[in-house]
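All heavy atoms count here, side chains included; hydrogens, waters and symmetry mates do not. Here is how names work: the chains are called A, B, and so on, in the same order as the sequence lines, proteins then strands, and each is numbered from 1.
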Protein chains: 2
Amino acid sequence: MGATKTEHFTDKQNQIATIAKALGHPARIAIIEYLMKVNACICGDIVNELPLAQPTVSQHLKELKNAGIIKGNIEGNAICYCIDEKTIEILNTYFFHIVQSVSKNKCC
Amino acid sequence: MGATKTEHFTDKQNQIATIAKALGHPARIAIIEYLMKVNACICGDIVNELPLAQPTVSQHLKELKNAGIIKGNIEGNAICYCIDEKTIEILNTYFFHIVQSVSKNKCC
DNA sequence: AATCTTTATTGTAATATTGCAATATTAAAT
DNA sequence: ATTTAATATTGCAATATTACAATAAAGATT
């Protein structure tokens, strides 16, 4: 035991959980905010912006990429990262439905 | 090492990460969906809905409660759970800003 | 070709999460 | 006062995550 029982849940539930989980770390939120701030693909000076070592940042970027939250384009020996709106939109749409549904049926 | 370095990030970054993290498990998404489906506070028959043991569900509920995503009202020996829209709204607003910002400045 | 720059990978230690059996708690019902 | 029902807590094993030093890989520069 200890491993998440993903097989017991729907694909959609797992999809939302995977994206949310990838955003469930302040360093990864900070990366997203930085990518937003610079308004473009950034050729990896993310390490200089974060209070974390390069391998740690690289690992966080990998997780964001695996979850489809960012894209990485190779440009020479550097890599340009940028946010993949489509994935954030999936989350946004999902949570919007929750807010709508809940505010329509107040109980507590 | 191994513990998240929360002290290096802003309160807002930690707040968003905490909420997202709590939603980063399919069981917890399934709980949210169930609470939405029944359209009301539900006096905890969540255990019967999920393919998980009672202590496991109880733990997931605790995490959702700690993150402010659900509220639990004690009613006799049962507990009524419902979604706290305010917290979901925080996430929703945050991600909406990201989508807006990114779609305004396409790069990749 | 040798070196520099940038990013990824590997290995490892510390810590956190997941899941559940067993048990405890708390309030209602008998 | 016992019993029943609902939920929480404890303790523990399995697994996952976080962080980083050391190293590797791959393209650019000299």
[X] [atom1] - [N] [atom2] separation (whole Å):
X	N	atom1	atom2	answer
L64(B)	dA8(D)	CG	C1'	16 Å
E75(B)	dT7(D)	CD	P	11 Å
N48(B)	dA5(D)	CG	C1'	12 Å
E49(B)	dT7(D)	CD	P	14 Å

- Message: Judged by each residue's nearest nucleotide on DNA chain D, which is more toward the 5′ side, I74(A) or E63(A)?
- Response: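 The 5'-side residue here is E63(A).
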- Query: Using a cut-off of less than 4.0 Å, is there contact between a side-chain N or O of H60(A) and OP1 or OP2 of dA19(D)?
  - Reply: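 Answer is yes, contact under 4.0 Å.
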- Can a donor-acceptor pair be found between the side chains of Y94(A) and E33(B) at a distance below 3.5 Å?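 Yes - a donor-acceptor pair under 3.5 Å links their side chains.
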Quick one: which protein N/O atoms are closer than 3.5 Å to N/O atoms of nucleotides 5-9 of chain C? Pair and distance per line, please.
| residue | atom | partner | partner atom | Å |
| --- | --- | --- | --- | --- |
| dT5(C) | O2 | N77(A) | ND2 | 3.0 |
| dT7(C) | OP1 | I79(A) | N | 3.2 |
| dT7(C) | OP2 | G44(A) | O | 2.7 |
| dA8(C) | OP1 | Y81(A) | OH | 2.7 |
| dA8(C) | OP2 | S58(A) | OG | 3.0 |
| dA8(C) | OP2 | Y81(A) | OH | 3.4 |
| dA8(C) | N7 | Q54(A) | NE2 | 2.8 |
| dA8(C) | N6 | Q54(A) | OE1 | 2.9 |

- Using the rule that two of Ile, Leu, Val, Met, Phe, Trp, Tyr join whenever any of their side-chain heavy atoms come within less than 4.5 Å, decide whether I90(B) and F96(A) are in one cluster.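 No, I90(B) and F96(A) fall in different hydrophobic clusters.
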- Between residues 17-32 of chain B and DNA chain D, which residues have a heavy-atom gap below 4.0 Å?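 The stretch gives none, as no residue of it lies under 4.0 Å from the strand.
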- Mutual orientation of the aromatic rings belonging to H25(B) and F9(A) [parallel < 30°, tilted 30-60°, perpendicular > 60°]: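 Taking F9(A) first and then H25(B), their aromatic rings stand perpendicular (interplane angle over 60°).
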- Task: Nearest 0.5 Å please: distance from the OG atom of S58(B) over to the CD1 atom of I46(B).
- Result: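 Separation between the atoms: 10.0 Å.
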- Heavy-atom closest contact (I69(A) atom, L23(A) atom, distance):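 Smallest interatomic distance, heavy atoms only, reads CD1-CG, 3.7 Å.
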- Item | Minimal non-hydrogen separation, C43(A) against E75(A), with atom names |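 Shortest heavy-atom contact: SG-OE1, 4.2 Å.
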- Message: Just to be sure I understand the rule, does L52(A) reach a base, reach only the sugar-phosphate, or reach nothing, if contact means heavy atoms closer than 4.0 Å?
- Response: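 Sugar-phosphate only.
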- Message: For K37(B) and E49(B): C-alpha separation, side-chain torsions, deciding distance, then whether side chain to side chain contact (heavy atoms under 4.5 Å, CB included) applies.
- Response: CA-CA 12 Å; K37(B) 196 183 80 183; E49(B) 282 287 309; 3.9 Å; yes
- Task: Flag yes if more than 12 heavy atoms outside Y34(A) fall under 6.0 Å of its OH atom; otherwise flag no.
- Result: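 Buried by this count: over 12 neighbours within 6.0 Å.
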